[in-house]
Amino acid sequence: MGGWAIAVHGGAGVDPNLPQQRQEEAKQLLARCLNLGISALRSNLSAIDVVELVVRELETDPLFNSGRGSALTAKGTVEMEASIMDGHGRRCGAVSGLTTVKNPVSLARLVMDKSPHSYLAFSGAEEFARQQGVELVDNEYFITEENVGMLKLAKEANAIVFDYRIPAVGLETCGAVAESPIQMNGLPISVYAPETVGCVVVDSQGRCAAATSTGGLMNKMSGRIGDSPMIGAGTYACNLCGVSCTGEGEAIIRGTLAREVAAVMEYKGLGLQEAVDYVIKERLNEGKAGLIAVSNKGEVACGFNTTGMFRGSTTEDGFMEVGIWE
């Protein structure tokens with residue numbers, strides 16, 4: 001075993017004009033989450049416990065698009081989704097369409113641990129949450145003034161806006177009003193930067209786990225489900241590795257991106273970084289995405305084909321990195 005390792009992400013496809021203050025806030029949050037994970041791993045928490053712990057922290061902070069601060073649907077509400085997977089036995093849990101659950105990743109964990117199923121959604125997931133006694137809040141808790149403003153811009157542009165974190169001041173210099181060549185299922189979108197969050201961990205026993213959480217797309221159709229709760233697409237873990245993806249959900253779903261990393265390691269014998277690079281290059285077609293991954297050998301890797309990805313990683317041997325750009 002190569003020791004423990006952890007990686008976190010806050011989304012791929014960062015606007016190049018993102019203000020420096022926002023960049024620093026993002027890096028500080030990622031570093032805080034890494035340190036939280038480090039402390040937990042040094043206390044011998046299992047990989048599955050650590051990914052839940054770290055993603056809960058990301059859901060609680062409104063900076064990224066998960067939990068509080070989630071993107072708004074076309075109706076102005078929040079519909080959140082999350083998934084978690086334990087590579088030890090390939091156990092998994094996922095949820096979608098949540099409107100009152102404070103920490104979606106923990107409900108996904110309960111689906112895995114306390115139900116006979118792998119995936120619950122909308123009213124069924126909310127009912128299960130009440131049965132399990134998880135913390136519930138009003139939908140308004142998740143909505144921020146910033147997101148309300150970006151939804152208004154999205155509706156005025158009649159578009160799905162990915163990067164809803166760009167401030168209203170100075171919009172003329174950023175991608176939110178620029179012509180974009182990026183398309184989703186053939187339809188143009190305004191800005192690419194969904195800011196889903198995720199965490200992957202390998203513990204000192206070589207057990208891998210992964211978790212992903214998101215509010216989805218700003219101005220999305222009510223009922224839309226992305227890649228984040230889909231096991232094998234946005235999240236995957238097995239005895240070889242743990243993977244969490246972020247980016248254009250529809251492209252990630254088509255490419256079963258997270259599972260592909262494990263598959264090429266298993267069937268082609270590629271190392272972790274080789275597998276990540278191969279999947280980003282060969283499985284996205286024209287889609288835009290990024291991912292983080294760990295291996296059972298204590299390795300950590302990331303890859304993306306976007307302008308940037310909010311990410312951080314650290315290993316037991318002292319390596320630590322937090323970054324946004326290439």
Side-chain angles (χ1 to χ4, degrees), residues 1-12 25-68 82-88 91-93 102-106 108-109 112-113 195-214 228 234-238 241-246 258 261 272 276 290-302 309-324:
M1 298 299 175
W4 54 256
I6 178 173
V8 295
H9 73 72
E25 290 171 350
K27 287 195 242 184
Q28 288 171 15
L29 174 55
L30 293 169
R32 188 173 85 228
C33 289
L34 284 178
N35 286 321
L36 181 67
I38 290 169
S39 296
L41 286 162
R42 286 176 175 167
S43 299
N44 293 319
L45 261 68
S46 66
I48 192 70
D49 289 334
V50 178
V51 294
E52 180 187 3
L53 178 71
V54 171
V55 172
R56 279 179 64 93
E57 183 73 11
L58 289 162
E59 289 174 339
T60 302
D61 193 296
L63 187 66
F64 292 132
N65 173 17
S66 65
R68 185 164 180 260
S83 62
I84 192 168
M85 189 164 187
D86 188 349
H88 184 65
R91 300 167 58 247
C92 60
K102 187 176 182 180
N103 289 108
V105 70
S106 290
R109 174 76 184 269
M112 179 178 76
D113 288 343
E195 298 185 359
T196 290
V197 305
C199 179
V200 292
V201 168
V202 57
D203 61 27
S204 58
Q205 303 301 310
R207 297 170 299 195
C208 299
T212 312
S213 180
T214 191
S228 295
T235 304
Y236 191 74
C238 61
C241 63
V243 185
S244 175
C245 301
T246 175
V261 173
L272 183 68
V276 168
L291 62 86
I292 53 173
V294 292
S295 78
N296 61 4
K297 297 178 181 178
E299 302 163 312
V300 65
C302 74
M309 180 169 74
F310 294 108
R311 66 197 187 277
S313 59
T314 187
T315 59
E316 190 172 5
D317 62 13
F319 168 82
M320 186 170 184
E321 179 183 55
V322 175
I324 300 174

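Just so you know, these numbers use all the heavy atoms, side chains as well, and skip hydrogens, waters and symmetry mates. A quick note: this is a predicted structure, and the numbers were derived from the prediction, not measured. In this chain, residues are counted from 1 in sequence order.
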- Query: Partners of Asn103 by side chain to side chain donor-acceptor pair (under 3.5 Å), sequence neighbours excluded?
  - Reply: Arg56, Glu59
- Query: Got a sec, which residues hit side chain to side chain contact (heavy atoms under 4.5 Å, CB included) with Glu316, two or more places apart in sequence or on another chain?
  - Reply: Trp4
- Query: Residues in side chain to side chain donor-acceptor pair (under 3.5 Å) with Thr315, at least two apart?
  - Reply: Asp317
- Asp49 meets the side chain to side chain donor-acceptor pair (under 3.5 Å) criterion, sequence neighbours left out, with Ser46, Arg109
- Closest approach of Ser66 to Leu58 (non-hydrogen atoms, all atoms of both residues): OG-O, 3.5 Å
- Query: Taking only residues two or more places apart in sequence or in another chain, which ones pass salt bridge (charged side-chain N to carboxylate O under 4.0 Å, His left out) with Glu25?
  - Reply: Arg22
- Residues in salt bridge (charged side-chain N to carboxylate O under 4.0 Å, His left out) contact with Glu57, at least two apart in sequence or another chain: Arg32
- Ser83: side chain to side chain donor-acceptor pair (under 3.5 Å) partners, not counting sequence neighbours: Thr235
- Item | Residues in side chain to side chain contact (heavy atoms under 4.5 Å, CB included) contact with Ala293, at least two apart in sequence or another chain | Val243, Leu272, Val276, Leu291
- The complete set of salt bridge (charged side-chain N to carboxylate O under 4.0 Å, His left out) pairs with one or both residues in residues 33-43, sequence neighbours excluded, reads none
- Partner residues of Val202 under the side chain to side chain contact (heavy atoms under 4.5 Å, CB included) criterion, sequence neighbours left out: Ala5, Cys208, Val294
- Message: Between Asp113 and Arg91, does any side-chain N to carboxylate O distance fall below 4.0 Å?
- Response: yes
- Residues forming a side chain to side chain contact (heavy atoms under 4.5 Å, CB included) with Cys302, sequence neighbours excluded: Ile292, Met309, Arg311
